[in-house]
Structure formats: C-alpha cells, structure tokens
Amino acid sequence: MSRYDAAATEPKWQAAWDKADLFLARRTDQPKYYVLEMFPYPSGRIHIGHVRNYTMGDVIARYKMSCGFSVLHPMGWDAFGMPAENAAMASGGHPKDWTYDNISVMRGQMKPLGLSIDWTREFATCDPEYYGQQQALFLDMLEAGLVYRKPAIVNWDPVDMTVLANEQVIDGKGWRSGAEVERKELTQWAFAISDMAEELLDGLKGLDDWPEKVRLMQENWIGKSRGLQMTFALSAPVGGHDGIEIYTTRPDTLRGASFIAIAPEHPLAKALAEEDADLVAFATDVRKGGTTEEALEKAEKRGYDTGLTVENPLGGTLPVWVANFVLMDYGTGAIFGCPAHDQRDLDFARKYDLPVTDTFVALDDDARVTNTAFTPPKTDRVRWIDQPAGLTEATGQEAIDATIDWAEAKGLGTGKVQYRLRDWGLSRQRYWGCPIPVVHCDDCGVVPEAKENLPVRLPDDVTFDVPGNPLDRHPTWRECACPKCGKPARRETDTMDTFVDSSWYFARFTAPRAETPTDVDDAAYWMNVDQYIGGVEHAILHLLYSRFFARAMQKTGHLPQGTEEPFDALFTQGMVTHAIYSTKDDKGRDVYHLPEDVDLDTKTLRATGEPITVTPPVKMSKSKKNVVDPMDIIATYGADTARWFVLSDSPPERDVEWTASGAEATAKHLARVHRLATDIERADRAANAADADLAKATARAIQEVTDGIEGFAFNKSVAKLYEFTNTLHKSDAGAEARRDAMKVLAQLMAPMTPHLAEEVWSMMGGEGFVVNAAWPKADEALLVEDTITLPIQINGKKKSEIEVAKDAPKPEIEALVMQDAQVVKALDGGQPKKLIVVPGRIVNVVV
RNA sequence: GCGGGUGUGGUGGAAUGGUAGACACAUCAGACUUAAAAUCUGAAGGGGUUCGCCCCGUGCGGGUUCGAGUCCCGCCACCCGUACCA
C-alpha cells in the first residue's frame, strides 16, 4: 500500500485547477459571493497568522462555490508603510525593491497553500496604477468638502528634526536619537470623518452579522455624549477674553465645581503666556512626551494657577488653572473640575489643595468623599444636595437632563451633543506612501493637481541616509507648474496615511484594472463584501475608516447605492501569539531572537549559549522576532496538513499561542483518510444491515460539519470529521455504502484539505472537481432518533439514566424515573419534594 | 488611565441554564514485528474506596436557580485597541 504523497498530489491538483481557470471570478447569473480576508502587509515572509486568516477565507470561498455561488476571492498587498523605509535605513536598499521582493517571496509562499484566489486581480497599493486612482479619489473628496487642512499635533524629535510615529516613541524618547520627544503642531490634511459621526454610529445598528464586541468598540470610539456648553464670565477680562466657554458631560455636578481647567493650547492660555514666563515654562514642560492617548492619560496630572477667577453662577468664584489633562481637541478645551465625582479632578484637587464639595451621596449612605471619588453609574439613583435643577433623588442621567434644561431656561448655556471621534489626519512626513496630489503656489495657494497629471509618481532616486522626508530634500521633485496659473510652484511633500490605501481596496478588487477608481457596474455586481475576515486588532480604525470611505465614495459617485456599509458580515479572528526571546546588548537594550534560534530546554541561545529572557506571549510581530515560519510545516507535511492544523482545536475567534507540536499527528490523520479511501476503493463487501447506520452517521456528519462552517466554528467541523472518519473506518457496511460515505467525507473535507479531497473524490469515481460538486444535503429523515437517553439527576447531580422513546409523554417518564434503582434508594420510601422533567433533556429529582 | 475581550484535565479545546471534559495532542498499556518504525486496539480530570460507589473540580469570592462553565455582583491575571505599527 502506497503512502499518501502530499508533495506530489498537491501540485498536481493546483495545476489542474489553474488549467480549468476554476477560481477566476466571473459575472454570471448565479448569485454572487464576495469573500475577502484583510490583505497582508508585505513584511517579508508569511507567518502562521496569515495561514490561519487565509485558510479560513478559503474554507468559506470553497464552501460557497460548492453551494452554487459565483465567488470573488481576491488577494493584494497593503504595500506602503514605515517598515520599508526602516529597512532602507538599516541596510541601504530602496523601499520599492524591498517591498516588491517581499511581495514576490510571500506570493511564492502563499501559492502552495492551494487557496482559491483569483490571482488575476492581484495588486499592491504601491503600484502607481493603484495610488494614482487613490489620488483621483482624493481630489474628488477635496472637491466634495470631505478633506481639509487643519493644525494637528505630532511627535517631534528635536534632535533628528523629524516627526515620529507613536511606535517610534519609547518611554517618551525618540527611538534613534534618544531625545525627549515634544508635541508639536503642524498643518495637516484631514478627512472630515467627524461630520459623519452620527451616520457611522447609526449604521452600526444594521450590522447584524458583525461581532457585537466590534460594534460596541466602534460605538464607544465614536463616543456620542450630550452635555452642557456654558460660559463662565471672567471676574476681570484679560487678553481680549471676557469668559471661558466650557463643555461638560456632567453638568449635574456643577455645585461641586471647584476650579476651571483649560488646555495648555487654549487661546486664553496662549494669550496669558505672552506675559507670563512661568506659564510658558509650564506649557513647554507639559508638552514633553508622546501624543498617544495612553501617554496623555497616564501622565502625572499637573496644573498651573493663572491667578484668574471666574464667576460661578451658583455663587462665588472659581480659580482658573491650566492643566495638562485637558485636551484642546475635545469639546471646547476647557472644563470645570468636580473633585467629589471625578477621580482625576480629585487627585488634582488634593495635589493643589482645592476644595472638594459633594454634590450627591448614595441613597443609603451619607458618607462624604475623602480620597476616592464617588462615581456611581449614571443609571443609579442617588440623593442630591442642593441640586441646581432642584432634584432631591434621581439618577445621574435624569439629573444631567434636568440640569441642561435648567441651564437653558436660565440662559446659562446650551445642551450640546459631542462626539469623541476626531477628524482623520492623513498627512505623513514620509516617502513610502501615496503622494498627496496638491501643489502650493505663491499666487493661488493650495491647488489640486489636475487629474490628467495623475498619478503623481514617487521619485525613485532617493536616499535614507539622513532622518526626515526624502521628498522634502529631493533636488527637483517638488518643482512643478501650478495647475491653475502655470507659474512655478511646489508639490506637497507629505504622503497619505497607509490607512487610506486599505480603506477602499475592497472596492478596487471589483475592477482592479479600471481607468477610474472603480467601475460602477462591476461594483454594483460584486459589492458588498459578503464575508470579511481579519484580525480583531483592526476592530476600530481600519473598519471605521473603510465605512467612512464607502460613504465618501458614494458621495463622489465611485460606488453605487447600498454600499454605505461595505462589509455585510465580519469575522474577527484571534491573534496568533508567541513568547518573546531576548537578550541584552552592551548598552542594556533588548535584542530579540527567533524561536528557531533558541533552545527552550536550557533557555539559551543556540549559537552562543547565552541565557535568554522569555517574555509571555504577545501578537507576533517582526520587530519582536516572535514569528514562526509556517513554511517548515508546508515543506515537511504539505499544505493540507498546515490548513487542517490551523483550523483544528482552537476556535477561530480566540487568541492562540502558537506551537507546532501536533503537526505530525495531523499529517498522520490525513494519511489515514487516504488509506481508508484506498481500502474502500478495493473492497467488495455486499450490502448489509450496517448500511443504514452508516447512512445515518453520514447525514449527521453533513449536518454538523455544515453547521460548523456556517457558524465559523471550524474546530468543531474538524472534530466532527474526525468522528465521522472513525465511524467510517469501523463500519461493517457494504462496499457501495462505504463508497458513498467516503465521497461525502471528501466533499466535507474539501474546503479544508482541498488537495486530499480532490484525490479521494477522483478515487471514488466522483465527477469533475470536488469543489464544483454540489454541497451534500443531509437527509432529514435520517437525523431523527427514535429513542433517547435521559439523564436523571438527584438534587442536581447526575446519578442515573433511562432510555425512553423520543416523544414519550411526561407521566410515562415520571413513572419510569420513580422505578429507577438510584431514585428508589435516594427516596428511601418517601416522596420526592419536586420532580422536574425537561422533555428530551433531563430529569431532576429533588429529595 | 480608558474602551473591548479571554480564563475549563499534562496540552488545544467541547458543552440552546440541563450528563463538565466531546474531538484531538502528548502519555501509558496491549496486538503485530527478531527488533524498531508505521499501523491497529484500549486506558486515562484529581483524590478516596469495602470496587457498590463516594468526595472535590470550569481563574478567585459572593449571589440567583430544582439545576450555573453558562446568568448577576465584586475581584485577579492575561490579550487587543487607544487615532503616525499595519
């Protein structure tokens, strides 16, 4: 008997599929199905997370093909971004070469997986054909008022004189220079996504096939809140200001206000700074550090007393402080602080010795705030102390609404809806991205490039030997003619955020070679994406930006109606994590090592014997070197083993810590299936009584495996396939019955292990390709069981069981239960306190 | 800090509020073999046992229920995101 030879079989079937153009997406009169996995960044080599992601998509794509859909399953490359420039800096090459080389390596690694991808649609976002269309989109969005320029804060490295990504700021210091990073304001292009906040929030309601958690995260990110905007009059006008406009989501706590805090960038703070050197020093000092929300939130809360006061409408005055925790971006850049009911305000008040005034107390507890702010949920009822709107007992939310009404009636302020969502700054001071197609003209100002001049191509002759944007220092690239007046002008040297590239690629796949960003006919046929699959790390930004782009593309005529929500169903797979292995260099910095370079038994580096530090598993990333190359599994055991292996065991939405142990056992199982097929091929046993049992098991397998695929529980489908294989293996049924069951097994395995499935299908005399064969349907009649086993619990613990007819009436079951030896023993002659019969499920006897 | 999630045997995991541990991995035992590999068969949560069974057990502490891995409250640990990593 010959062993199953994956190395020979897999290329054979891949060639056959190619020859038949099996995966070419065609517009037909069948219903269409668009499966998309988030496209990869070409980091160099595929990792196991990719295999997991693309195998899942392939299972769906092949399953839907079998179900009679015309399937679109494309692949491309999210090819712009920082790592290419970092590589150029580190090793002197060119980002373009690095990127295209990586793409070709990764494509070469993906092809052997036998994915049902229409490779004719492949593109990379760094292809001028793609980014040129993106520039056209940008110009249309500019015209439609969806893009504008505004000041934005960036991480500034004062030594390298360059803007840093958040990732490049480590503990508040520049990653290369080590200099303390400052927050600096630059004029940047931004998409007006916050204008669509309400729409984007509202749209979430219809996304029934998205994970609830993703919708929740997006909802919280958009952060709609209703609050009060009001102006506190300054006791004495200063620098042209006679009041401070604040925004608060807790106007109900106005009585507890003990100070006003304004952002260091607030116009009043800036005005005061002109004559106050100490304030300048304070503002400069608190500007140190990175721009992330996390860094800002975790930074020590610090303030500067301006000495100014404002009039409190409830009587008295409040001091005005400049505080580092007030953000100019949100609301009005000014707040009132209520220490009793906000921990941050309380910490601030204790630090600077400001009063703490309770506004409300718990219903059943008069305790006043000391060192922990009292912040019950807004839905809890509390007892109010001298509430401005006159409430005595009410929930926080009721009090907020009442206080806004009260303030509006008294003319103190107005209720206002605010969103946490900020506009999307898209300018990047980097080379390897899509050039922003505008020109700066001394006479005409900012002028859009003419569409006939697109694409604005990146120059190839650039170097990365010094920090900063090579486009900025290129000798000639900036120089151009103003599209409006024709005079010499300068190109914009900023490029676009790479999130722009990934915000419309799904639309481009519907017509990847069109001369316009999309072909509306093709988009109308293929959109929306029926099933989108990707990492949960994209739950907010990428998905929100794509939802915004779909709307923007509709407004600019690039997408048809009905595409506002471009992803009908979303599945977020868990992270593939792995421990990190590191040593220290002579400067005490971490040096990371690949898992294959490490001896885990001795916890040392194989090459040098140096002891390593093992850090608990986190998301695989190239920079931490905690990546595992799936190619060894593919090379050793074949693609089907790799595919089956990543699908089995772990539920797809859960994070998995990667371990390759077990790959061999997977390969053995697939060989066993092949052996079983060989066996069945040769068998000639006559039909017999076991045939019916096998038919039943087959029906159940169809049912359960299909349910698993439909429900993205591939691990359960795999478990059922193991079970069915064991059943078939042990079955005494006749040759024909076993052959029929084996054909079904091949079909059910086909989405997961397509090569082996084709092989077995052809051995069993199946017609054509298994992927084209209609998906098997379970015979309903065979799924029904006549008798069931009913467990008997005594006081909630299982003690016994009885066999009953499926539809046995309750009295009959009760009678049987009362005769059960265990029950008789437990009752000891008495009567049960309670007898609970759940038909078809369980019996509980309470004694 | 904030938002979201996860936690079950040695391991990955299964379980519409209803038999906890399906299905696998690793392990052990047996068959086949001169031997090994491969293959096949079987055992197995932990502890106790008079071999009938009994007790304990789903991160921790409470609660609801005839019945909780599942629902509620309070913790702990880890993961993802936190707007310039992609």
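Quick note on labels: first sequence line is chain A, next is B, and so on, each numbered from 1.
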Round to a whole Å and report the spacing from OH of A:Tyr41 to C1' of B:C84. 14 Å
Integer-rounded Å distance: B:C85 C1' and A:Ile540 CD1: 16 Å
Sugar-phosphate or base contact per nucleotide [nucleotides 9-29 of chain B; S, B, -; heavy atom under 4.0 Å]: ---BSSSB-BB--BSSS----
Using atom P in both nucleotides, what's the gap between B:U11 and B:G47 to the nearest angstrom? 15 Å
What interatomic distance, in whole Å, is found between P of B:U58 and the corresponding atom of B:G62? 12 Å
Pairwise P distance for B:A20 and B:G69, with rounding to whole Å: 9 Å
Whole-Å distance between B:C84 C1' and A:Asp494 CG? 12 Å
Dot-bracket for RNA chain B, 5' to 3', Watson-Crick and G-U pairs with both distances under 3.5 Å, [ ] for crossing pairs, | for partner on another strand, reads (((((((..(((.....[....))).(((((.......))))).((((....))))..(((((..]....))))))))))))....
Count the heavy atoms of every other residue, nucleotide or ligand shown that sit under 6.0 Å from NZ of A:Lys150, and state whether that count exceeds 12. yes
Atom-pair distance (NZ on A:Lys298; P on B:G81), nearest Å: 14 Å
Report yes or no: is there a donor-acceptor pair, N or O only, under 3.5 Å between the side chain of A:Glu653 and the base of B:G5? no
Quick one: A:Gln822 CD to B:C53 C1', roughly how many Å, whole number? 9 Å
Say you pick atom P in B:G4 and the same atom in B:C54; how far apart are they, in whole Å? 45 Å
What interatomic distance, in whole Å, is found between P of B:A44 and the corresponding atom of B:A29? 16 Å
Mapping A:Lys730 and A:Val214 to their closest nucleotides on RNA chain B, which lands nearer the 5' end? A:Val214
Give a yes/no verdict on a cation-pi contact between A:Arg183 and A:Trp156, requiring under 6.0 Å between NZ or CZ and the six-membered ring centre and an angle within 45° of the axis. no
How far does the C1' atom of B:A24 sit from the matching atom of B:G74, given to the nearest Å? 37 Å
Answer with yes or no whether A:Glu537 presents, from its side chain, a donor or acceptor under 3.5 Å of a partner atom in the base of B:C79. no
Give me the distance, rounded to whole Å, that separates B:G59 from B:A15 when you measure between the P atoms they each carry. 16 Å
Please examine the side chains of A:Val718 and A:Trp644, heavy atoms only from C-beta on, and report whether any two atoms are closer than 4.5 Å. yes
Whole-Å distance, A:Asp329 CG to B:U82 P, equals 16 Å
A:Glu293 bridged to A:Arg420 by N-O distance under 4.0 Å: yes
Do A:Tyr131 and A:Phe80 have ring centres separated by under 6.0 Å? yes
Can you tell me how far C1' in B:U8 sits from the matching atom in B:C78, rounded to whole Å? 16 Å
Do side-chain atoms of A:Lys799 reach the backbone of A:Asn795 as a donor and acceptor pair under 3.5 angstrom? no
So A:Gly535, base contact, sugar-phosphate only, or nothing? Heavy-atom distance under 4.0 Å. nothing
Presence of salt bridge, A:Arg422 and A:Asp329, under 4.0 angstrom: yes
Does the side chain of A:Asn53 reach to within under 4.5 Å of the side chain of A:Gln573, using non-hydrogen atoms? yes
Under 3.5 Å, sequence neighbours excluded: what are the donor-acceptor pairs made by side chains of residues 188-195 of chain A?
residue  : atom : partner  : partner atom : Å
A:Trp189 : NE1  : A:Glu492 : OE1          : 3.0
A:Ser194 : OG   : A:Asp423 : OD1          : 2.7

Measure CD/A:Glu293 against C1'/B:G81 and give the value in whole Å, please. 10 Å
